[in-house]
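From a predicted model like this one, the values you see are computed outputs, not experimental measurements. Chain identifiers are assigned alphabetically (A, B, ...) following the order of the sequence lines, protein sequences preceding nucleic acid strands; residue numbering begins at 1 within each chain.
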There are 2 protein chains.
Amino acid sequence: MLNNKLDKAFAALADPARRAMVERLVIGPATVSELAVPLPMSLPAVMLHLKVLEDAGLVTSRKEGRVRTCRIDPEKLSLAERWVSARRVMWEHSLDGLNAYLDQTKAEDEK
Amino acid sequence: MLNNKLDKAFAALADPARRAMVERLVIGPATVSELAVPLPMSLPAVMLHLKVLEDAGLVTSRKEGRVRTCRIDPEKLSLAERWVSARRVMWEHSLDGLNAYLDQTKAEDEK
DNA sequence: TTTATTGTTAAGCATGTACTTAAGTATTCC
DNA sequence: GGAATACTTAAGTACATGCTTAACAATAAA
């Protein structure tokens, strides 16, 4: 059912086509056709990917005339980022992570 | 086909059961049964999730006797983190992101 | 050596995902 | 008005995902 926001955000980012769309949109807004150009698929398929991105809250779009313009909404992007970051930091503060850190420090001393 | 490492990492993190397993493992290593306790599903289902996490490189495990011990491998975790972070930063440096930043700054001035 | 524990494999099922082509709608241009 | 553009919807197909229960190791404990 994908209720959770994180579920949707991570699931959206799991697809290379959708990541490519995000990569394009971080540069600036784009139309649906512009997003579709580099992608090896039909326009309806791109629409579906766009819908997934919008549903995850990563992208918003607005239609003016016959053109739909899409842009990044970076809040959800940072939501996903913060989840991963917080867990990595937690791990680093655990005994396991501490040992890994010490091993790494030791390895660097021996260089 | 999920060839890409990022595909697998994001897809693995898109499931709440798997994120719960990661949350448990950042505290320290755990057995399969320990990971299964809080999860509302059968042990074989947990095994499948574990396999997905291992396949994504987020988790490693080793069997000693009849017990399999699992632990986090934070390298792939930071791989996903860095992808998101880099895109957010790129967006912030774009005209769109710059405007959002300025709007936010203005809003905070008015507080 | 029987029994309990811990994990693994197999088979099956229901649902979701990622497309496709074809047809349709709404705008804009000529 | 008629044609081109930019998307949108519908219908259908193929494959992947997320479980289940049942049966089967392998190891450890009594």
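Atom CG in A/Leu39 sits roughly 13 Å away from atom P in C/dA18 (whole-Å rounding). For the pair A/Arg19 CZ and C/dA18 P, the interatomic distance rounds to 12 Å; values are reported in whole Å. Atom CE in A/Met47 sits roughly 13 Å away from atom C1' in C/dG24 (whole-Å rounding). What separates CG of A/Leu50 from C1' of D/dT9 is a distance of 15 Å, to the nearest Å. Distance A/Asp7 CG to C/dT15 P: 19 Å, rounded to the nearest Å.
Atom CD of A/Glu75 has 12 or fewer neighbouring heavy atoms from other residues, nucleotides or ligands inside a 6.0 Å radius.
In this structure, A/Pro38 has no side chain to side chain contact (heavy atoms under 4.5 Å, CB included) partners at least two apart in sequence or on a different chain. In terms of the side chain to side chain contact (heavy atoms under 4.5 Å, CB included) criterion, residue partners of A/Arg71 (sequence neighbours excluded) are, by chain and number, A/Pro29, A/Thr60, B/Asp96. Partners of B/Arg82 according to the side chain to side chain contact (heavy atoms under 4.5 Å, CB included) rule, which considers only residues two or more places apart in sequence or in another chain, are B/Ser78, B/Leu79. For B/Glu54, there are no salt bridge (charged side-chain N to carboxylate O under 4.0 Å, His left out) partners, not counting sequence neighbours. A/Asp73 is linked by a salt bridge (charged side-chain N to carboxylate O under 4.0 Å, His left out) to nothing, counting only residues two or more places apart in sequence or in another chain. With sequence neighbours excluded, the residues satisfying salt bridge (charged side-chain N to carboxylate O under 4.0 Å, His left out) with B/Glu23 are A/Arg87.
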Requested in this report: Indicate for each nucleotide in nucleotides 18-24 of chain D, in 5' to 3' sequence, whether protein heavy atoms under 4.0 Å reach the base (B), only the sugar-phosphate (S), or nothing (-).
Outcome: SBBBB--

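Non-hydrogen atoms lying under 4.0 Å from DNA chain D are contributed by B/Gly65, B/Arg66, all within residues 59-71 of chain B.
The side-chain hydrogen bond (donor to acceptor under 3.5 Å, both in side chains) analysis of residues 39-53 of chain A, with sequence neighbours excluded, yields the pairs A/Arg18-A/His49.
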